[in-house]
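Here is the naming used below: chain letters follow the sequence lines, and residue numbers restart at 1 for every chain. These numbers come from the heavy atoms of this one structure, side chains and all, not from hydrogens, waters or symmetry mates. Worth saying up front: this structure is predicted, and the values here are computed from it rather than measured.
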Number of protein chains: 2
Amino acid sequence: MDKLNLDKHISGQFNAEINFVRNQIMVMGGLVEQQLRDVIKAMATHDVELAQQVARRDNKVNSLEVKIDEECTRIIAKRQPAASDLRLIMAIVKTIADLERIGDVAKNVARMVENGLGKRSNISVASLETLGEHSVKMLHDVLDSFARMDDEAAFVVHREDEKLDKEYERLFRELMTYMMEDPRSIPNVLDALNAARCFERVGDRCQNIAEYVIYFVRGKDVRHLGTDEIAELL
Amino acid sequence: MDKLNLDKHISGQFNAEINFVRNQIMVMGGLVEQQLRDVIKAMATHDVELAQQVARRDNKVNSLEVKIDEECTRIIAKRQPAASDLRLIMAIVKTIADLERIGDVAKNVARMVENGLGKRSNISVASLETLGEHSVKMLHDVLDSFARMDDEAAFVVHREDEKLDKEYERLFRELMTYMMEDPRSIPNVLDALNAARCFERVGDRCQNIAEYVIYFVRGKDVRHLGTDEIAELL
């Protein structure tokens, strides 16, 4: 085998490994998205059994995180990637950490549903459902931008977080008035507030992932830049 | 220069670079610890000016994160570390992300102090102060374990988080009774609850860092193991 073929071979192997990891992250992302969808459904329909399934399935999300993380470290050690290959692996390592924490959100809300979130009180969970679905949409879109490594699409998700934050603030105020009108509702409303904050944080995590996509494509760390500065860069 | 000397030279350079990064992470950790201490002091003494200083200084924390992160990627690309060297760098990359988010906690609580946290109401901030100081103690101890790469000390911090969680729960219940007794206090108490949750999350972050220390020393990812399983490993 001459050198050229050897290089090709190594590069081919490397590509196969990278593609495997990229594929795994999509599996993990798909699972986390399903977890969120299921917990929102469980919340809206007071389905305790579905909530329990979500809580149990969180183990799978955790295992995928550990597995992908180990695979990334192995690739770095074995293939010694540089430049954009290394950026991709670092972006993956960071993305799985955020995905795992979105998985935790699903598990935490599932526990709340098990404990009667939205059932014991007269609070409508409709607004909470809308907020949750908005956060799932962001996750779906940012995973899509990750799959295609599309920095423009990632930036759209990045900007979307502002709308989610505003939606959360409106819900926060709405829930606060319930408490003031009927102090007996306080414990239940605090549960709902907690769930709302969980969904709001999913948006923050999606924003992080959007930043890693932009970092990979543009080679620039945009984590602490404002929206206008990122817009200018793209 | 014979091969042996060359190796020594390369290894010496590498060590210098690693030590530089380890030093930088201690600078970042020290700054974040100071930020937390200052914001607790600002909260306890209603010192808006100090709170503003904390909010402004968060930029420094963010810059350090980006700088250390870039340095780590540079070292991986240039030095192609393997085994424990690579584990150390991966542990550093993850640790700075958690430190940055503890920095965000300090900034967020600072904003709350600027908006009158603990001043406008008759709620005592003493319990909040105790919770905050407990979280600073955990940060201090986990940074210490990181500096010495002491897995046993890291595990002590890891276990401490359970106590912080219990303290948070007690405070949560205490604050809830205020709201039920006097609904007018609700907005202020919600602020205090928010701050309490922030400090509780500092504990979670410290637990993460403790896990990275154990990962580095033991070569095993303990992120999703229970306390008993980690205890058995050590």
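Distance check, rounded to the nearest 0.5 Å: OG of A:Ser135 to CD of A:Glu200 gives 10.0 Å. Atom CZ of A:Arg22 and atom CG of A:Asn15 lie 10.0 Å apart (nearest 0.5 Å). Rounded to the nearest 0.5 angstrom, B:Phe14 CZ and B:Arg79 CZ are separated by 8.0 Å. Note that CD of A:Gln53 and CZ of A:Arg57 are 6.0 Å apart. Values are rounded to the nearest 0.5 Å. Between atom CG of residue A:Asn188 and atom CG of residue A:Leu175 there is a gap of 11.0 Å, rounded to the nearest 0.5 Å. Atom CZ in A:Phe20 sits 12.5 Å away from atom CD1 in A:Ile25 (nearest 0.5 Å).
Of all the listed residues (A:Glu181, A:Arg184, A:Met179), the one sharing the greatest number of non-hydrogen pairs under 4.5 Å with chain B is A:Met179.
Between A:Phe199 and A:Val109, the closest side-chain pair of non-hydrogen atoms falls below 4.5 Å. Annotation: side chain of A:Asp58 is in contact with side chain of A:Val61 (closest heavy-atom distance under 4.5 Å). Side-chain contact between A:Glu71 and A:Gln24 is absent, with no heavy atoms from C-beta onward closer than 4.5 Å. Counting heavy atoms from C-beta on, the side chains of A:Met112 and A:Cys198 come closer than 4.5 Å. When side chains are defined from C-beta on, B:Ile186 counts as touching A:Ile186, because their heavy atoms get closer than 4.5 Å. Counting heavy atoms from C-beta on, the side chains of B:Leu190 and A:Leu193 come closer than 4.5 Å. Side-chain contact check for B:Lys60 versus B:Gln35: every heavy-atom pair is 4.5 Å or farther apart. Looking at A:Ile68 and A:Cys72, their side chains come closer than 4.5 Å, going by heavy atoms from C-beta outward.
Checking side-chain atoms of B:Asp69 against main-chain N and O of B:Glu65 turns up no donor-acceptor pair under 3.5 Å. A donor-acceptor pair is defined here as one N or O able to donate and one able to accept, closer than 3.5 Å; no such pair exists between the side chain of A:Asp85 and the backbone of A:Pro81.
Pairing each heavy atom of A:Glu114 with each of A:Ala55, the nearest pair is OE2-CB, 3.9 Å. Nearest heavy-atom pair, A:Gly30 versus A:Leu143, reported as atom, atom and distance to 0.1 Å: N-CD1, 4.3 Å. Nearest approach of A:Gly203 to A:Met138, heavy atoms of both residues: O-CE, 3.7 Å.
Interface with chain A: from residues 205-218 of chain B, residues B:Arg205, B:Asn208, B:Tyr212, B:Tyr215 qualify, criterion being any non-hydrogen pair under 4.5 Å. Contacts from residues 226-234 of chain A to chain B, taken as heavy-atom pairs separated by less than 4.5 Å, involve no residues at all. When the heavy atoms of residues 157-173 of chain A are compared with those of chain B, the residues falling under 4.5 Å are A:Phe172, listed by number. Within residues 86-104 of chain B, the residues having any heavy atom closer than 4.5 Å to a heavy atom of chain A are B:Leu86, B:Met90, B:Val93, B:Lys94, B:Asp98, B:Glu100, B:Arg101, listed by residue number.
Using a 4.5 Å cut-off between heavy atoms, A:Asp204 does not touch chain B at all. Contacts between A:Asn59 and chain B at a heavy-atom distance below 4.5 Å are absent for every atom of the residue. For B:Asn194, the part lying near chain A is the side chain, with the backbone staying farther off; criterion is any non-hydrogen pair under 4.5 Å. Contacts of A:Asp221 with chain B are made by side-chain atoms alone, with heavy-atom separations under 4.5 Å and no backbone atom involved.
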